[in-house]
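Sequence lines set the chain letters: A, B, ... in the order given, protein chains first and strands last, and positions in each chain run from 1. No experiment lies behind these values; they were computed from the predicted model shown. Note: hydrogens, waters and symmetry copies are ignored here, and every other heavy atom, side chains too, is used.
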Amino acid sequence: MTARPATVEEVGRHVGASVELRGWLYNRRKAGKLQFLIIRDGTGFLQAVASEADLPPEVFELCRSLGQESSILARGVVRADPRSPGGYELSLTGLEALQAAEEYPISLKEHGADFLLDHRHLWLRTPRQHAIIRVRAEVIAACRDFLDGQGFLLVDTPILTPAACEGTTTLFETGYFDTTAYLAQSGQLYNEAAAMAFGRVYCFGPTFRAEKSRTRRHLMEFWMVEPEAAYLDFEGNLTLQEAMIVHIVERVLAKRRAELERLERDTAPLEGVRPPFPRVSYDEALRLLEPVEPLAWGEDFGAPHEVAVAGHFDRPVFVHRFPAKVKAFYMKPDPERPDVVLGADLLAPEGYGEIIGGGERLADHETLRRRIREHGLPEEAFRWYLDLRRYGSVPHSGFGLGIERVVAWLCGLEHIREAIPFPRLLNRIYP
RNA sequence: UGCGGAGUAGCUCAACGGUAGAGCAGCCGGCUGUUAACCGGAAGGCUUUGAGGGUUCGAGUCCCUCCUCCGCAGCCA
């Protein structure tokens with residue numbers, strides 16, 4: 001009988017057939033003349049049963065001696081068997097080892113965060129990490145499909161930039177031949193240029209922040225989707241964000257339910273993520289906070305404030321019209337109340353905090369110049385940006401969605417470090 | 001940077017100021033349906049508990065300095 005290559009994912013289509021799996025030995029349990037090998041091939045995990053009675057002695061011995069994560073070619077007959085986790089198993093007829101792994105460091109027992117992060121390159125092989133990374137891929141695909149479907153054009157923005165978007169204190173500096181460059185902390189300013197060229201655009205890529213923050217929601221390097229649209233006003237921007245979040249959640253629920261189950265994520269709160277999302281002004285938020293986390297007008301939200309406000313709602317909530325002085329220079333002041341800006345943060349429920357920040361941009365040339373000066377930013381560096389207000393300036397809005405925070409929320413993660421394949425944390429850049 | 005917690009076997013953790021231990025992994029053996037399998041055995045700490053100093057008859061344990069990690073806060077997505 002010839003063995004056809006197959007993947008664990010599609011093994012159910014090969015019941016009764018002889019197949020070859022190309023993968024790794026995830027675990028083995030021994031029971032005398034039987035051995036249960038858990039084989040993973042990247043698409044899933046499958047139990048293979050090695051029976052001493054049905055195998056040449058040297059193959060049975062090979063099964064016995066191979067270490068965890070040895071690379072193997074496993075041949076056998078696919079059977080449906082309720083005793084097997086997953087419902088299918090492979091009756092082993094042959095096994096070949098490409099490389100026999102010894103003393104694999106990550107056992108199936110518990111490990112600490114530091115140890116696992118040091119072995120992130122191997123940690124990624126576990127079922128839990130598979131589930132998270134698959135959800136992440138789905139979130140990214142959902143963002144792009146949604147925006148493509150809404151007429152947004154992908155326009156990439158640079159990672160090496162000459163100056164700060166929001167000041168230089170949180171920028172990673174790097175050499176650029178004879179001068180200095182900074183790693184982008186946002187594609188927004190370039191996005192605005194692209195929006196004036198193409199109307200509706202978005203960028204998607206890694207962003208870098210040299211903030212010395214060590215919390216469960218911060219990465220030094222994280223991925224952000226940033227749509228920007230000409231002729232989009234503040235309200236339209238909120239509606240767009242709402243539709244996009246609903247799209248992402250629905251798609252993950254539809255296509256990655258098995259992964260959420262593996263993560264033991266209670267999906268009930270996610271099922272309730274439907275429009276409209278509540279909208280709370282900064283002033284209203286202060287009133288909500290009064291009894292629990294009082295905040296003086298003019299102060300920016302801290303993490304406890306975000307959690308307290310979001311705790312009032314069963315779905316994401318917009319907090320809008322923050323005091324102008326705590327927000328970035330490019331935000332448009334509310335024409336009816338110039339001490340607040342037409343910006344909004346979207347706070348995820350269940351304590352996950354801000355997942356989107358955005359708003360309507362300042363379109364007036366002179367006001368923008370003044371704000372740049374007021375923020376102590378070098379006007380020269382923003383000459384090209386100011387040009388956008390000199391040559392056909394229009395009302396426009398946009399936002400940035402943090403991929404890892406959305407993934408952490410949807411997966412119910414305790415820490416954002418699991419939401420990205422190789423997290424860059426404060427004092428950690430290995431592996 | 002501030003506050004709090006923790007560094008003991010490869011991993012996860014015990015040990016009142018009084019002889020450093022267990023589970024898991026690895027190794028040897030047993031078991032034909034295991035589900036992080038289980039059972040038995042030997043070994044594993046270079047006089048050794050992150051590093052250095054101090055108190056004490058005696059320090060993993062108490063004190064000081066430093067290092068590393070974790071949590072929280074600030075900042076933000």
Side-chain angles (χ1 to χ4, degrees), chain A residues 26-38 45-54 60 64-65 67-69 79 81-87 89 91 101-119 122-123 126-128 165-167 169-170 185-188 206-226 241 293 299-307 322 326-328 345-348 352-358 399-409 414-417 419-420 425-428:
Chain A
Y26 177 68
N27 191 22
R28 176 188 44 240
R29 286 181 285 269
K30 288 184 280 187
K33 297 182 170 60
L34 277 188
Q35 294 182 62
F36 302 94
L37 312 180
I38 305 297
F45 296 75
L46 183 71
Q47 173 168 288
V49 183
S51 165
E52 191 170 15
D54 302 339
F60 193 76
R64 204 191 59 78
S65 67
Q68 191 185 348
E69 288 300 331
R79 290 205 333 262
D81 192 320
R83 291 174 298 184
S84 179
E89 66 181 24
S91 292
E102 286 175 15
E103 305 248 359
Y104 188 69
I106 301 186
S107 75
L108 271 50
K109 297 284 182 182
E110 286 175 24
H111 296 286
D114 191 40
F115 176 81
L116 288 171
L117 285 169
D118 277 343
H119 295 84
L122 303 177
W123 187 19
T126 61
R128 174 182 167 84
C165 171
E166 301 170 23
T169 53
T170 62
Q185 59 180 188
S186 162
Q188 189 204 309
T207 49
F208 309 87
R209 306 233 172 135
E211 293 157 4
K212 298 231 169 166
S213 46
R214 234 201 34 200
T215 76
R216 62 179 70 189
R217 359 169 248 297
H218 284 86
L219 293 164
M220 304 302 108
E221 175 181 309
F222 67 97
W223 290 65
M224 190 153 62
V225 179
E226 295 175 271
Q241 294 172 42
E293 290 280 348
E299 297 289 308
D300 203 357
F301 275 29
H305 307 103
E306 287 184 357
V307 171
F322 284 88
V326 301
K327 288 296 178 182
D345 289 349
L346 184 65
L347 309 181
Y352 281 92
E354 183 179 354
I355 51 175
I356 287 180
F399 62 91
L401 176 149
I403 292 293
E404 289 78 11
R405 287 197 178 167
V406 170
V407 171
W409 166 45
E414 281 184 12
H415 198 295
I416 199 168
R417 63 189 163 217
I420 185 167
L425 301 161
L426 195 62
N427 300 329
R428 180 182 289 282

- Query: Quick check: does any side chain N or O of A:Glu52 sit under 3.5 Å from a backbone N or O of A:Phe60, one acting as donor and the other as acceptor?
  - Reply: no
- Query: What distance do A:Phe208 atom CZ and A:Met224 atom CE have between them, rounded to the nearest 0.5 Å?
  - Reply: 11.0 Å
- Task: Evaluate the criterion side-chain contact (heavy atoms from CB on, under 4.5 Å) for residue pair A:Lys327 and A:Asp345; output intermediate values, then yes/no.
- Result: CA-CA 11 Å; A:Lys327 288 296 178 182; A:Asp345 289 349; 3.4 Å; yes
- Would you say the side-chain atoms of A:Arg405 pair up with the backbone N or O of A:Glu354, donor to acceptor, closer than 3.5 Å? yes
- Query: Mind checking the C1' distance from B:G23 to B:C3? Whole angstroms is fine.
  - Reply: 35 Å
- Message: Both A:Gly67 and A:Leu34 contact RNA chain B. Taking the nearest nucleotide for each, which residue is further toward the 5' end?
- Response: A:Gly67
- Query: With distance as the sole test, does A:Gln68 use its side chain to make a donor-acceptor pair with the main-chain N or O of A:Ile106 at under 3.5 Å?
  - Reply: yes
- Message: Using modelled atom types and a 3.5 Å cut-off, is there a donor and acceptor pairing between side-chain atoms of A:Arg209 and backbone atoms of A:Thr170?
- Response: no
- Query: Hey, what do you get for CZ (A:Arg28) to CZ (A:Arg64), rounding to the nearest 0.5 Å?
  - Reply: 8.0 Å
- Does A:Arg214 have any side chain to side chain donor-acceptor pair (under 3.5 Å) partners at least two apart in sequence or in another chain, and if so, which? none
- Message: As a test of your reading of the structure, name each stem of RNA chain B as range with range, where a stem is three or more consecutive Watson-Crick or G-U pairs at under 3.5 Å.
- Response: B:1-7 with B:67-73, B:10-13 with B:21-24, B:27-30 with B:38-41, B:50-54 with B:62-66
- Note on the structure: Against the side chain of A:Asp81, the closest entry in B:G26, B:G33, B:A77 is B:G33
- Distance (rounded to the nearest 0.5 Å) between A:Leu117 CG and A:Arg417 CZ: 5.5 Å
- Task: Could you please name the option among B:A77, B:G29, B:G33 that lies closest to any side-chain atom of A:Leu219?
- Result: B:A77
- Task: Tell me what A:Ala31 touches on the nucleic acid: a base, only sugar-phosphate, or nothing, going by heavy atoms under 4.0 Å.
- Result: base
- Task: On RNA chain B, check which nucleotide each of A:Ile38 and A:Glu354 is closest to and give me the residue with the more 5' one.
- Result: A:Ile38
- Query: With under 30° as parallel and over 60° as perpendicular, where do the rings of A:His111 and A:Phe115 fit, or are they tilted in between?
  - Reply: parallel
- Query: Below 4.0 angstrom from OP1 or OP2 of B:G71, is there any side-chain N or O of A:Arg417?
  - Reply: yes
At a cut-off of 3.5 Å, list every protein nitrogen or oxygen paired with a nitrogen or oxygen from nucleotides 7-11 of chain B, distance to 0.1 Å.
residue	atom	partner	partner atom	Å
B:C11	O2'	A:Glu110	O	3.2
B:C11	O2'	A:His111	ND1	2.5

- Choose from B:U34, B:G26, B:C69 the nucleotide whose nearest atom is closest to any side-chain atom of A:Glu103. B:G26
- Distance col, row A:Trp123:CH2 vs A:Leu116:CG, nearest 0.5 angstrom, shows 5.0 Å
- Between A:Arg83 (CZ) and B:G33 (C1'), how many Å, whole number? 5 Å
- Given the C1' atoms of B:A15 and B:U49, what is the spacing between them in whole Å? 11 Å
- Item | Gap between atoms CG and C1', on A:Leu116 and B:C70 respectively (whole Å) | 13 Å
- From B:C70, B:A36, B:U34, nucleotide with atom closest to A:Leu108 side chain: B:A36
Are there any protein N/O atoms within less than 3.5 Å of an N/O atom in nucleotides 72-75 of chain B, and if so, which ones and at what distance?
residue	atom	partner	partner atom	Å
B:C72	OP1	A:Arg216	NE	2.2
B:C72	OP1	A:Arg216	NH2	2.7
B:G74	OP1	A:Ala303	N	3.3
B:G74	OP2	A:Ala303	N	3.4
B:G74	O6	A:Arg214	N	3.0
B:G74	N1	A:Lys212	O	3.0
B:C75	O2	A:Glu211	OE1	3.2
B:C75	O2	A:Ser213	OG	3.4
B:C75	N3	A:His218	NE2	2.9
B:C75	N4	A:Arg217	NH2	3.4
B:C75	N4	A:His218	NE2	3.4

- Over how many whole Å does the gap from A:Gln68 atom CD to B:A25 atom C1' extend? 9 Å
- With sugar-phosphate meaning primed atoms plus P, OP1 and OP2, does A:Ser84 contact a base, only sugar-phosphate, or nothing at under 4.0 Å between heavy atoms? base
- Sugar-phosphate, base or nothing in reach of A:Glu221, heavy atoms under 4.0 Å: nothing
- Task: Return the stacking result for B:A77 and A:Phe222: yes when the ring centres lie under 5.5 Å apart and the planes under 30°, no otherwise.
- Result: yes
- Query: For the atom pair CD (A:Glu89) and CZ (A:Arg83), what is the distance rounded to the nearest 0.5 Å?
  - Reply: 6.5 Å
- Rounded distance (Å) that lies between atom P of B:C38 and atom CZ of A:Arg29: 10 Å
- Answer yes or no: side-chain N or O of A:Gln47 and base N or O of B:U34 forming a donor-acceptor pair under 3.5 Å. yes
- Message: Main chain of A:Trp223, side chain of A:Glu404: is a donor-acceptor contact present, judged purely on distance under 3.5 Å?
- Response: yes
- Query: Checking all strands, does A:Glu299 fall into the base, sugar-phosphate, or nothing category for heavy-atom contacts under 4.0 angstrom?
  - Reply: nothing
Got a list of protein N/O to nucleotides 40-44 of chain B N/O distances below 3.5 Å?
none

- Taking salt bridge (charged side-chain N to carboxylate O under 4.0 Å, His left out) as the test, write out the residues that go with A:Glu226, two or more places apart. none
- Item | From CZ (A:Phe222) to CD (A:Gln185), nearest 0.5 Å | 8.5 Å
